[in-house]
Amino acid sequence: MDYNFTEIEKKWQTWWAENHTFEVKEDPSRPKCFVLDMFPYPSGAGLHVGHPLGYIASDIYSRYKRLKGFNVLHPMGYDAFGLPAEQYAIQTGKHPAETTDRNIARYREQMDRIGFSYDWSREVRTCDPAYYKWTQWAFIQMFNHWFNPETGKAEPISGLVEKFEKEGSADFTAAQWNAFSEKEKSDILMNWRIAYLGKTAVNWCPKLGTVLANDEVKDGISVRGGFPVEQKMMQQWQLRVSAYAERLLEGLEDLDWTESLKEMQRNWIGKSQGAEIVFNVVNGNDRYDLTIFTTRADTLFGVTFMVLAPESEWVSRLTSPDRKEEVEAYLAAVKKKTERERIAQTRKVTGVFSGSYGINPVTGQKVPIWISEYVLAGYGTGAIMAVPAHDSRDYNFAKNFSLPIVPLIEGCDVSEESFDAKDGIMCNSGFLNGLTVKQAIPAAIEYVESKGIGRRKVNYRLRDAIFSRQRYWGEPFPIYYRDGIPTALPESELPLRLPEISSFKPTEDGEPPLARAKDWTYQGYPLEKSTMPGFAGSSAYYFRYMDPHNDSGLVSRQANEYWRNVDLYIGGTEHATGHLIYSRFWNKFLYDIGYVCEQEPFRKLVNQGMIQGRSNFVYRIKNSNTFVSLGLKDNYDTTEIHVDVNIVHNDRLDTEAFRKWMPDFASAEFILEDGEYICGNAVEKMSKSMFNVVNPDNICNDYGADTLRMYEMFLGPLEQSKPWDTKGIDGVHRFLRKLWKLYHDEGNVFRVSEGKAEASELKILHRLIGKVQSDIEGFSFNTTVSAMMIAVNELSALNCDKREILEPLIVLVSPYAPHIAEEIWSLLGHTDSVSFATFPEYVEAYTVEDSVTYPVQFNGKMRFTVSLPKSLSREEVEQAIKDEPNTVKYLQGASIRKVIVVPGKIINIVC
RNA sequence: GCGGGCGUGUUGAAAUUGGUAGACAAGCAAGACUUAGGAUCUUGUGCCUAGCGCGUGUGGGUUCGAGCCCCACCGCCCGCACCA
């Protein structure tokens, strides 16, 4: 019997819980460090070994920072509202709260086994009324504020009302405003509120019976559930995220995030500089001003037609009577398509002529106005000027409908494809002729501005976030309809609790499930029936951890000023354009209203890679119950069958376990090679259906949590995706046993000596200290594990049993393998947790020998500064350099292994 | 198409950031102990025509010196994608 991880881990997990070891309080005398994991959605499947990867890294970092003297806030909670629990409720009638509670209990149990140093007293759950009170509270604040473009920040809506009362606006006078009815005033203010109700094109998912945000839809399919999505105009609650586009973009600059993630956000925000240009348009005798947006004002002379989005409100106005039938047929056809079909048919050109014409403001030429789905209603003004010669989409359209193509750049060939590059000399372009494209763009904008037919304009791709979901399991809106006027509940009424309902399905007439709630009213007025989306509860949860039990505010001023924002945030890259944008927006809003002290929520962000599954296969000979080993399978006609990876070890099948696995295989026969059944393998997504899910509990049972933690780190760089492969886990486990043996004799009796450490032993220790320090701070957790293995190997080779070495060593190991460290720490005579130890100080003198520094000249040309041990004479060094200049020289004797000679640079001595 | 990143043994990967390439593990091979081993402990393990030879996707460049820097090409991964 030696290292008994089962006993040790249980013992210390209980001890930590009983002693509240990881609970933290604000402590102004110590620097703070806020280390956060993206909290999980507690799904029914529980955790697999991929989930804890980021949690382990953040836990190591937290424990390390604690040893370094930081006051570390390291909390965990659950993003507990969401679709799966509700879908399950619809199928089974079980209340989502019940399912959620059960799943959370399971998650907690699994996390506890891994030995995380979370402060569980700060746990939050987004579905808890005491928590969602503050989600609703924030919504009311957004409802009561507007975004002032002049100051670039959120301001109370009352200020806007005052302004309207005194000055009116561009659309109405003060007198008119004051004469408006309550309803009219409410409708106008809706155009300004940060949280507002408005009609917009939404992603409607009929299967889920709800609308979805852009980031909840991928390739025309809902991310949750994978159901088709279609475009629909609907009245929905929205958040005016687009108002913050510029600040969200600028804010990225100072963040310590990966370049790729910042770039993803930049793309999502999609800033483009251009101009809005007004075209006179004619439909029979009617004349209008139609504004379009373009980034290529320089191509104005090449406009040969214009295009409207099918959803554009201009369509009805510009359809001439004789074209009406055809246009309506086209609109109906477009409407019928799902988003997915629209994407799939991307290259197929469709469109219809409206019957109206636009007048090119620089040439006076009449150009036809078309309607086509390749123009998007939600971007710019939903209308474009088409320049087929220099835009490939316009080009395809022109070719398809035989519209003219006018090239504007000298020497470009547009017979086969458009010339999209912003490069070359302008021609056929009046006053722009002779300019380069780069000169022509600003020149054209200046021209249209001076003629009053357009203006410089910056456009963003970022849309407002659709905030309503026609579902049950989410936060109810703190909104009621007073005579049809959307009104916020008084804050004193919060939380507005989710009511009990008889069935979780939408009603027969298509209303959200909340329509089934009895008495869903406030003071006799109806309450809003939709609920908030998943990202509502996750947008500001990090504030709640700072002050989780505060009943009078989201977070107290004092707690917020101490913890400020997240120093390290670890989570998956899949949240790049969802959660991470919404959180930043939400945070900036709270900052604007003076509620929180930092503009950005997450200072440093690390994306852990995904752990994929490594599937195993067996090969069944067709029409038999005989299975043939991998190497021999080509001799037979076989079917490949996924086999549970938990009954396979190093690709060798446990044939007995296989017979027991499924009744079908009870009488299975095997054709072995060398007495073993070898399985095939492949890397696939970790999922139940592939039988490749590895449960962390199993690893904890077989090897212990410390092995799991170290092995997950050892697997490779944190950010990288990699398959879970149990090969190699034995190596890590062996390391922990060796570590244990360092402190124990043959009979497993604890033993250390008090003797003075040798220089060689100190050297091993201090090299490790330096490595652990620089690697953890550089998020290179895998190399630290290797360094520990080397140190332990070297120390056991030296039979080192000195407390002076072994005590700091166990502190170094403790962030990675906290249970074994805690056990040994207590054997070393400590009564306190190793988490309260101090990180040992790195002393460089142990790695570099005593040395002197002096300059050396060679050939009168190169000058070097040489740092050498006293044991080598200057003559010896110079001779060595002369013998073999400009290269690596090995010197005998001493502890010096080479002298590196670099012109003008300090010479490096490697020991 | 646009943007970001990567390419090193049989495998996961290291490389003090321009200085002995392949650390540390895994696998494989040989040996020891053993009734047995998915246990433990040694030892070996980039390649070859075995030279003091060749090797970090390919070709070139800078340098005394390149896995690392520069140019071109090839291949892979991720994100965005009718955004005018």
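Chain identifiers are assigned alphabetically (A, B, ...) following the order of the sequence lines, protein sequences preceding nucleic acid strands; residue numbering begins at 1 within each chain.
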(message) Taking only the C1' atom of each, what is the distance from B:G18 to B:A26 in whole angstrom?
(response) 31 Å

(request) Look at A:Y374 and B:A84 and indicate whether a side-chain polar atom (N or O) is within less than 4.0 Å of OP1 or OP2. (result) no

(message) Using atom C1' in both nucleotides, what's the gap between B:A66 and B:U17 to the nearest angstrom?
(response) 12 Å

(request) Send over the distance from A:E276 CD to B:A84 C1', rounded to a whole Å. (result) 13 Å

(message) By the rule that syn is within 90° of 0, classify the base conformation of B:G55 as syn or anti.
(response) anti

(request) To the nearest Å, give me how far apart CE (A:M385) and P (B:A84) are. (result) 12 Å

(message) I'd like the C1' distance from B:U63 over to B:C69, given in whole Å.
(response) 10 Å

(message) Test of understanding: with salt bridge (charged side-chain N to carboxylate O under 4.0 Å, His left out), list the residues that count as partners of A:D391, not counting sequence neighbours.
(response) A:R393

(request) Please name all residues satisfying ring pair (Phe, Tyr, Trp, His ring centres under 6.0 Å) with A:F658, sequence neighbours left out, ordered by chain then number. (result) A:F627, A:F665, A:F670

(request) May I ask you to decide whether A:E259 forms a salt bridge with A:R266, counting only side-chain N to carboxylate O separations under 4.0 Å? (result) yes

(message) Please convert RNA chain B into dot-bracket. A pair counts if it is Watson-Crick or G-U wobble with both distances under 3.5 Å; crossing pairs go in [ ] and bases paired with another strand get |.
(response) (((((((..(((......[....)))((((((.......))))))(((..).))..(((((..]....))))))))))))....

(message) Can you list everything that forms a side-chain contact (heavy atoms from CB on, under 4.5 Å) with A:A421? Sequence neighbours excluded, please.
(response) A:F419, A:D423

(message) Within the 4.5 Å heavy-atom criterion, are A:L403 and A:W370 side-chain neighbours or not?
(response) yes

(message) For the C1' atoms, the ones on B:C33 and on B:C41, what distance do you get once it is rounded to whole angstrom?
(response) 8 Å

(message) Tell me every residue that passes side-chain contact (heavy atoms from CB on, under 4.5 Å) with A:D420, counting only those two or more places apart in sequence or in another chain.
(response) A:S392, A:S418

(message) Ring-plane angle category for A:H579 and A:H575, please: parallel below 30°, perpendicular beyond 60°, tilted otherwise.
(response) perpendicular

(message) Please report the distance, rounded to the nearest Å, between CG in A:D391 and P in B:A84.
(response) 9 Å

(request) Just call it for A:R266: base, sugar-phosphate, or nothing, with non-hydrogen atoms closer than 4.0 Å on any strand. (result) nothing

(request) Please determine, for the side chain of A:R734, which listed nucleotide (B:A84, B:G4, B:U40) has the closest atom? (result) B:U40

(request) Ignoring backbone atoms, test whether A:S774 places a side-chain nitrogen or oxygen under 4.0 Å from the OP1 or OP2 oxygen of B:U16. (result) no

(message) Measuring only the C1' atom in each nucleotide, how far is B:A36 from B:C54? A whole number of Å is fine.
(response) 46 Å

(request) Consider only side-chain N and O atoms of A:Y703 and A:D730, and report whether a donor and an acceptor are under 3.5 Å apart. (result) yes

(request) Indicate whether the side chain of A:Q612 and that of A:S721 have a donor and an acceptor atom separated by less than 3.5 Å. (result) no

Taking N or O atoms only and anything under 3.5 Å, show me the protein contacts with nucleotides 28-30 of chain B, one pair per line.
none

(message) Using whole Å, what does the distance between atom P of nucleotide B:C82 and atom CD of A:E311 come to?
(response) 13 Å

(request) Determine the Euclidean distance between corresponding P atoms of B:C76 and B:U8; express it in Å to zero decimal places. (result) 14 Å

(message) What's the closest nucleotide to the side chain of A:M789 if the choices are B:A84, B:A25, B:A39?
(response) B:A25

Set out, line by line, the N/O atom pairs under 3.5 Å between protein and nucleotides 10-15 of chain B.
from: B:G12; atom 1: O2'; to: A:L715; atom 2: O; distance (Å): 2.4
from: B:A13; atom 1: OP1; to: A:Q720; atom 2: NE2; distance (Å): 2.1
from: B:A13; atom 1: O3'; to: A:N782; atom 2: ND2; distance (Å): 3.4
from: B:A14; atom 1: OP1; to: A:N782; atom 2: ND2; distance (Å): 2.9

(request) Look at all strands and tell whether A:R463 reaches a base, only sugar-phosphate, or nothing, counting heavy atoms closer than 4.0 Å. (result) base

(request) Taking atom P in both B:G61 and B:G3, compute the distance separating them and give it to the nearest angstrom. (result) 29 Å

Side-chain donor/acceptor pairs under 3.5 Å, residues 779-788 of chain A, sequence neighbours excluded:
from: A:S780; atom 1: OG; to: A:T783; atom 2: OG1; distance (Å): 2.8
from: A:T783; atom 1: OG1; to: A:D775; atom 2: OD2; distance (Å): 2.7
from: A:T783; atom 1: OG1; to: A:S780; atom 2: O; distance (Å): 3.0
from: A:T784; atom 1: OG1; to: A:S780; atom 2: O; distance (Å): 3.0
from: A:T784; atom 1: OG1; to: A:F781; atom 2: O; distance (Å): 3.4
from: A:T784; atom 1: OG1; to: A:Y816; atom 2: OH; distance (Å): 3.0

(request) From the options B:G38, B:C24, B:U40, select the nucleotide whose nearest atom is closest to the side chain of A:I790. (result) B:C24

(request) Return the value, rounded to whole Å, for the distance between atom NZ of A:K738 and atom P of B:A39. (result) 14 Å

(message) For A:W268, give me all partners under ring pair (Phe, Tyr, Trp, His ring centres under 6.0 Å), at least two apart in sequence or on another chain.
(response) none

(request) Please identify each residue that fulfils ring pair (Phe, Tyr, Trp, His ring centres under 6.0 Å) with A:Y582, with sequence neighbours left out. (result) A:F535

(message) Without decimals, in angstroms, what is the distance between A:W370 CH2 and B:C82 P?
(response) 22 Å

(message) I'd like the C1' distance from B:G5 over to B:A39, given in whole Å.
(response) 43 Å

(request) Working to the nearest 0.5 Å, report the span between CE of A:M710 and CG of A:L708. (result) 11.5 Å

(request) Apply side-chain contact (heavy atoms from CB on, under 4.5 Å) to A:E719 and list each qualifying residue two or more places apart in sequence or on a separate chain. (result) A:V606, A:P717

Distances under 3.5 Å between nitrogen or oxygen atoms of protein and nucleotides 76-80 of chain B:
from: B:C80; atom 1: OP2; to: A:K218; atom 2: NZ; distance (Å): 3.4

(request) Round to a whole Å and report the spacing from CZ of A:R767 to C1' of B:C24. (result) 12 Å

(message) Looking only at the side chains, is there a donor atom on one of A:W740 and A:N748 sitting less than 3.5 Å from an acceptor on the other?
(response) yes

(request) Name the orientation of the base relative to the sugar in B:U17: syn if the glycosidic angle is within 90° of 0, else anti. (result) syn

(message) Using a 4.0 Å heavy-atom cut-off, does A:D420 contact any base of the nucleic acid, only the sugar-phosphate backbone, or nothing at all?
(response) nothing

(message) On RNA chain B, does the nearest nucleotide to A:R737 precede the nearest nucleotide to A:V732 from the 5' side, or the other way round? Give the residue.
(response) A:V732

(message) I need the NE2-C1' distance between A:H733 and B:A39, as an integer number of Å.
(response) 11 Å

(message) Please tell me whether A:S242 and A:Y460 have a donor and an acceptor in their side chains that are separated by less than 3.5 angstrom.
(response) no

